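This report concerns only the one structure given below.
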Amino acid sequence: MSEIQDDAKQLVRTQVWKALDAAGAVYDDTAHGRIPNFRGSEEAAARLAELERWKAAVVVKAVPDKAQLPVRARALKEGKLVYMAVPKLASAKPFYLLDPAALEVPAIEAATSKVAATIAPTVEVDALRPVDVVVLGSVAVNRDGARIGKGAGYSDLEFALLTEAGLVGADTLVVTTVHSLQVIDTPIPVTDHDVNVDLVITPEEVIPCTSPRRPGGILWDHLDERKIAEIPALQARAQG
């Protein structure tokens, strides 16, 4: 990605973080520097759970951010299998497997990243089941479906790994849950590796996106050697 695109995305992040802080719209002291843990996340999760595509879903892949904790907990309570990435994908088995049938703690506890790290087995990409719904965290998103995370790029890499393995595809529903202040009307710069969402879910509404798009797999020319070296699952595919 060019420096111009990086700067443009960072400007959007800063504007949204400031707006959330000014409105007192997050549970933390500040929204800055993170996926905002927005007030109303429980209501957004409930709205997502009303969708027929969610009700029919058996397997959910969700980010580990606090804002999406209500979604992960609801999925487990409803008997859905949940995959959640190991931090920075820094393991040969880069996903936690949360199986509601095997939980010995309440779903709301198991769905936290801290507890999941202690109770959930980790699994290789090739051991995962096909995913029905992917839940992403966002700093900002627009009605085209373009989104901005906090800048590390791991959500896009997770999606690319699952795509390469044939576990997500055109029929997989991709959503993000956000505060209404995170939905912006301005264009968001995107590159070929960025994952757009099909639906934006706020506490107040479900927004169908006009231009959902997703990459066809890992775009190796977008990755430097250091990033590949840091992620065992990428190394394995590069060597294979």
Side-chain angles (χ1 to χ4, degrees), residues 25-28 34-87 89 91 93-125 127-138 141 147 149 154-155 158-159 162 167-169 171-180 182 195 197-208:
V26 295
Y27 290 110
D28 299 310
R34 65 192 77 187
I35 300 296
N37 185 18
F38 65 97
R39 296 184 184 276
S41 56
E42 296 87 353
E43 289 82 356
R47 193 168 293 279
L48 170 60
E50 294 172 355
L51 302 179
E52 292 302 320
R53 291 285 301 275
W54 172 270
K55 292 177 182 177
V58 176
V59 180
V60 174
K61 187 271 168 191
V63 291
D65 300 286
K66 289 180 181 178
Q68 282 69 46
L69 172 59
V71 175
R72 299 191 300 272
R74 182 175 285 270
L76 292 173
K77 288 177 182 177
E78 295 179 6
K80 304 181 193 301
L81 200 69
V82 175
Y83 295 124
M84 186 167 63
V86 170
L89 298 170
S91 168
K93 296 180 177 181
F95 291 93
Y96 295 117
L97 165 60
L98 289 165
D99 182 349
L103 294 182
E104 297 182 355
V105 299
I108 191 65
E109 293 181 26
T112 65
S113 56
K114 184 176 181 179
V115 174
T118 65
I119 67 168
T122 55
V123 291
E124 297 176 346
V125 173
L128 272 60
R129 293 170 55 181
V131 176
D132 301 305
V133 178
V134 173
V135 182
L136 299 179
S138 303
V141 64
R147 58 171 286 280
Y154 288 108
S155 287
E158 293 161 23
F159 197 94
L162 296 178
L167 300 168
V168 301
D171 293 334
T172 307
L173 180 67
V174 184
V175 306
T176 189
T177 54
V178 295
H179 192 278
S180 60
Q182 294 173 255
V195 179
V197 298
D198 301 305
L199 299 174
V200 177
I201 317 292
T202 77
E204 297 81 21
E205 63 179 328
V206 175
I207 303 171

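These figures come from a predicted structure and were not determined experimentally. Atoms considered below: every heavy atom in the structure, side chains included; atoms not considered: hydrogens, waters and symmetry mates.
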- Worked verdict on L128 versus L97 for side chain to side chain contact (heavy atoms under 4.5 Å, CB included): CA-CA 9 Å; L128 272 60; L97 165 60; over 6 Å; no

- Item | Verdict with reasoning, E109 to I119, per side chain to side chain contact (heavy atoms under 4.5 Å, CB included) | CA-CA 10 Å; E109 293 181 26; I119 67 168; over 6 Å; no

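Among the candidates V195, T172, L167, the single residue satisfying the side-chain contact (heavy atoms from CB on, under 4.5 Å) test with V134 is T172.
Screening residues 71-85 for side chain to side chain donor-acceptor pair (under 3.5 Å), with sequence neighbours left out, gives W54-E78. Residue pairs satisfying the side chain to side chain donor-acceptor pair (under 3.5 Å) criterion with at least one member in residues 58-69, sequence neighbours excluded, are listed as follows: K61-E158, Q68-T177.
Here the side chain of D198 pairs a donor or acceptor atom with the backbone of V174 at under 3.5 angstrom. Using modelled atom types, no side-chain atom of N37 and backbone atom of V26 make a donor-acceptor pair closer than 3.5 Å.
Contact detail for A117 and Y96: the closest heavy-atom pair is CB-OH, 3.4 Å. In terms of heavy atoms, P203 sits closest to E43 at CB-CB, 3.9 Å. Nearest heavy atoms, S41 versus A67: CB-O, 3.4 Å. Scanning both residues, L98 and A120, for their nearest heavy atoms gives CD2-CB, 3.8 Å. What you find for E124 and K93 is that their closest heavy atoms are CG-CG, 3.6 Å. Pairing each heavy atom of L76 with each of A110, the nearest pair is CD1-CB, 4.2 Å.
The distance from atom CD of E50 to atom CD1 of I201, rounded to the nearest 0.5 Å, is 9.5 Å. From Q182, atom CD reaches atom OG1 of T202 across 10.0 Å, with rounding to the nearest 0.5 Å.
Between V197 and V175 the shortest side-chain heavy-atom distance does not fall below 4.5 Å.
With sequence neighbours excluded, the residues forming a salt bridge (Lys or Arg N to Asp or Glu O under 4.0 Å) with R34 are D28, listed by chain and number. A search for salt bridge (Lys or Arg N to Asp or Glu O under 4.0 Å) contacts involving K55 returns E52, not counting sequence neighbours. Residues meeting the side chain to side chain donor-acceptor pair (under 3.5 Å) test with S91, sequence neighbours left out: none. Residues meeting the side chain to side chain donor-acceptor pair (under 3.5 Å) test with S138, sequence neighbours left out: R147, T176.
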